[in-house]
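Start at 1 and go down the list; that is how both ligands and their atoms are numbered. By convention here, the first residue in the shown sequence is residue 1. Treat the numbers as computed from the prediction; the structure is a model and nothing was measured.
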Amino acid sequence: MKTLICTTPGSFEYTEGEKPELKKGQSIIKVKRIGICGTDLHAFEGTQPFFSYPRILGHELAGELVDFDDAVGFEKGESVTFIPYLNCGECIACRSGKPNCCSNINVCGVHVDGGMVEYLSVPSSSLVHGEGLSYDALALVEPLAIGAHGVRRANVQPGEFVLVTGAGPIGLGIMEFARIAGAKVIALDVNETRLSFCKDKLEVPFTVNAMTEDVAQRLKEITNGDMPTVVIDATGNQKAINNAFYYMAHGARYVLVGLQKGDLVVSHPEFHKREATLMSSRNATRQDFEHVVSAMKGGKVDPTTYITHRVLFGQVKDEFKSWLDPANGVIKAIVELD
Ligand SMILES: [Zn+2]
Ligand SMILES: [Zn+2]
């Protein structure tokens, strides 16, 4: 079967791999769509931490379930996606119902080989029913589940002002699930094109441009002087993350979905006087995946708004580099297989 390997930073190679055989507790997916995200781009560039080469990328997958062992309730031929965070099942996080932050986690397509193949063997326990959604939609479930998880961590309540910093694909998902939770969403970014996208395509009621506006002043106006009671970061930018501590209302929650490598620097009195809560949000759980599928099924999220670029599997090697250039306006690039 055709396989695409990231051999070293900056280079891909197509090879003929072995089609996986069915093993105990595993299922075989015939891959139909692969979503590309920042993790794949960083892996290709050589800037992804804890990454080794050669590696088969791809963790945002949709496919047809062609064979399985011990996948109760699933049917051959069914469209599925899967939870790509392979967890140990034994550590304290796994024992506490938090497999998304398992201390021995292996993300498929990152720490172990992923889905840039025609057939992939995955644990049957990681399968998620496609519920009749299109393969395009199912390839978007994983990145949206990350946003849904961040919103759930924040325990967003109806009517709350939720500030989402960063309007990339993860930030957009956070905005959608905050809206679904009943929040009044405020999008903050430095890119006017992205902010217009939030307004026009996602009907985000408030947008603020950090480059051209006085952010704190605008947030005050929007929230009638209260400031947002929830702030969720999806920038992964150190400066943006540190700044947003000052945008919180007193008593607010701040959830970090984005990740950066540096230190958080915050004035202790500013944090303390707010009695604020700081949380990180990592990956997502089955509950989030199923929430996303049901939101798509209910028409609350339209996956097609996200897909800006589409190529066939055989074109990935040539096209991948162009997705790194912000000038190309990629929100979500999708790879298609028959
Ligand atoms: Zn991803
Ligand atoms: Zn574990």
Where the Zn ion (ligand 1) is the centre, what is the NE2-to-OE2 angle for His59 and Glu60, rounded to 10°? 110°
If you have a sec, read the angle at the Zn ion (ligand 2) from Cys88 atom SG over to Cys94 atom SG, to 10 degrees. 120°
Side-chain ion pair, Lys23 and Asp69, N-O less than 4.0 Å: no
Please check: side-chain N/O of Arg286 versus main-chain N/O of Ser125, any donor-acceptor pairing under 3.5 Å? yes
Suppose we call two aromatic rings close when their centres sit under 6.0 Å apart. Are Phe177 and His291 close by that rule? yes
For the ring pair Phe320 and Phe44, is the centre-to-centre distance below 6.0 Å? yes
With a cut-off of 2.8 Å, does any N, O or S atom of Asp40 fall short of it relative to the Zn ion (ligand 1)? no
